[in-house]
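These values consider heavy atoms only, across backbone and side chains, with no hydrogens, waters or symmetry-generated copies.
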Amino acid sequence: MKESPQDTADFGYKTVDREEKASMVADVFHSVAAKYDIMNDLMSFGIHRLWKRQAIACSGVRKGHKVLDLAGGTGDLTAKFSQLVTDSGQVILGDINDSMLKVGREKLRDLGLVGNIEYVQMNAEALPFPDNSFDVITIAFGLRNVTDKNAALRSMYRVLKPGGRLLVLEFSKTDNEALSKLYDFYSFNLLPSMGKVIANDSESYRYLAESIRMHPDQETLKGMMDEAGFEQTTYQNMTGGIVALHRGFKY
């Protein structure tokens, strides 16, 4: 019997059983967790730090806030949010992958960031929190790996407090033809080779490159956020549209 679209999901350029995608993505991040920060710096030439700095600047996070850093990985955003909310606030670093959580916990503890950070393994599609729990939710370079992105956006909307905001920092689509060709060459030729040399894993980095191409473009993601209930949704392109920062509010 032929599978319906509801039974399948994209895993990079492959079509896989919907129930299998989460474990396949988990395998990718188990593989790359130990070298994740090094590879981020190398892959983006350090520019990922500027993208994340802009997300933090647009977050409005302040003293006393409760923040969910979803797909928080090794904790770059959590580290800054922990300092901004101070002891009267709380940051939850949430990730579906326990290997990434362990790396993030170790890194942040080595930085002396303890006390107002909690680490929770969770699925973005069904967040384990009561309604209206968070002032700010961020998800940086994680939404494209979620099987049901619409369900995840609805779940984020549910747990945001009225007046709260969501920020989605993710790779997106550039309409600059020359930049697009250069980016494709880099992604499918150099990136897997770097993954092989640094992390001894070319296939995971090939998947990550493919997953970027399969992610919704800027306007499509904006529409998905609108459909989930977010208002005043906007996006800001960075590095020629290679990355976009989407923002939406719950009222």
Side-chain angles (χ1 to χ4, degrees), residues 25 28-29 32 36-37 39-61 65 67-85 91-97 100-101 104 107-108 122 124-125 127 134-146 149-150 152-153 155-157 159-160 164-174 179 183 187 208-209 211-226 228 230 232-250:
V25 171
V28 168
F29 284 94
V32 304
Y36 189 77
D37 284 339
M39 283 298 293
N40 269 355
D41 279 329
L42 289 173
M43 288 187 302
S44 71
F45 307 102
I47 300 173
H48 75 99
R49 298 178 184 276
L50 300 178
W51 298 332
K52 290 171 182 174
R53 191 178 301 168
Q54 181 63 14
I56 291 163
C58 292
S59 70
V61 169
H65 268 178
V67 179
L68 173 59
D69 181 15
L70 191 55
T74 57
D76 285 348
L77 293 182
T78 291
K80 184 60 177 177
F81 290 146
S82 171
Q83 297 168 336
L84 291 173
V85 303
V91 184
I92 294 178
L93 193 165
D95 203 292
I96 197 171
N97 188 278
M100 295 292 286
L101 279 175
K107 182 172 92 174
L108 296 184
M122 65 183 75
E125 298 171 26
L127 296 173
F134 296 97
D135 298 285
V136 176
I137 298 176
T138 58
I139 180 166
F141 306 111
L143 185 60
R144 73 182 190 280
N145 296 308
V146 175
K149 298 172 181 61
N150 290 306
L153 290 169
S155 189
M156 293 177 220
Y157 182 84
V159 303
L160 261 185
R165 73 183 74 183
L166 166 69
L167 291 112
V168 181
L169 181 64
E170 189 54 270
F171 292 105
S172 200
K173 305 292 189 292
T174 177
L179 180 59
Y183 185 44
S187 298
L208 292 173
S211 70
I212 292 168
R213 302 319 190 276
M214 299 302 291
H215 186 66
D217 65 18
Q218 290 90 326
E219 283 293 329
T220 302
L221 180 54
K222 181 181 183 299
M224 291 165 65
M225 291 174 66
D226 291 338
F230 291 96
Q232 293 185 346
T233 54
T234 58
Y235 62 84
Q236 173 188 356
N237 284 329
M238 293 183 277
T239 317
I242 287 175
V243 165
L245 176 64
H246 283 71
R247 179 167 52 176
F249 294 84
K250 176 179 177 178

Do [X] and [Y] make a side-chain contact, defined as non-hydrogen atoms from C-beta onward lying under 4.5 Å apart?
X: L77; Y: V67; value: no
X: L179; Y: T239; value: no
X: V61; Y: D135; value: no
X: L70; Y: F134; value: no
X: S172; Y: Y235; value: no
X: I212; Y: S187; value: no
X: L84; Y: I56; value: yes
X: L167; Y: C58; value: yes

Could you tell me the separation between the [atom1] atom of [X] and the [atom2] atom of [Y], rounded to the nearest 0.5 Å?
X: M224; Y: L143; atom1: CE; atom2: CG; value: 6.5 Å
X: L68; Y: T138; atom1: CG; atom2: OG1; value: 7.0 Å
X: F81; Y: H65; atom1: CZ; atom2: NE2; value: 11.0 Å
X: S155; Y: I137; atom1: OG; atom2: CD1; value: 8.0 Å
X: M214; Y: N145; atom1: CE; atom2: CG; value: 13.0 Å

- Item | Heavy-atom neighbours of K80 NZ exceed 12 at 6.0 Å |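 At most 12 heavy atoms, drawn from other residues, nucleotides or ligands, come within 6.0 Å of this atom.
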- Query: Pick from R247, Q54, H246: which one makes a side chain to side chain donor-acceptor pair (under 3.5 Å) with Q236?
  - Reply: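 Going through the options one by one, the only one that passes is Q54.
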- Message: Checking H215 against L221 for the side-chain contact (heavy atoms from CB on, under 4.5 Å) test, could you report, in this order, the C-alpha distance in whole Å, the side-chain angles of both residues, the deciding distance, and whether it holds?
- Response: CA-CA 9 Å; H215 186 66; L221 180 54; 3.9 Å; yes
Quick one: closest heavy-atom pair of [X] and [Y], and the distance?
X: D95; Y: G73; answer: OD2-N, 3.0 Å
X: T174; Y: G240; answer: OG1-O, 2.7 Å
X: G142; Y: E170; answer: N-OE2, 3.3 Å
X: M122; Y: G94; answer: CE-CA, 3.7 Å
X: G75; Y: L93; answer: CA-CD1, 3.6 Å
X: A124; Y: V146; answer: CB-CG2, 4.3 Å

- F171 and W51 aromatic ring geometry - parallel, tilted or perpendicular at 30°/60° bounds: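 The arrangement is perpendicular - the two ring planes meet at more than 60°.
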Test your reading of the model: is there a side-chain donor-acceptor pair from [X] to the backbone of [Y], 3.5 Å cut-off?
X: T233; Y: D226; result: no
X: Q218; Y: K173; result: yes
X: K250; Y: G164; result: no

- Item | Step-by-step side-chain contact (heavy atoms from CB on, under 4.5 Å) determination, K52 to L169 | CA-CA 8 Å; K52 290 171 182 174; L169 181 64; 4.1 Å; yes
- Message: Regarding R53 and D76, does a basic nitrogen lie under 4.0 Å from an acidic carboxylate oxygen?
- Response: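 Looking at R53 and D76, the cut-off is not met.
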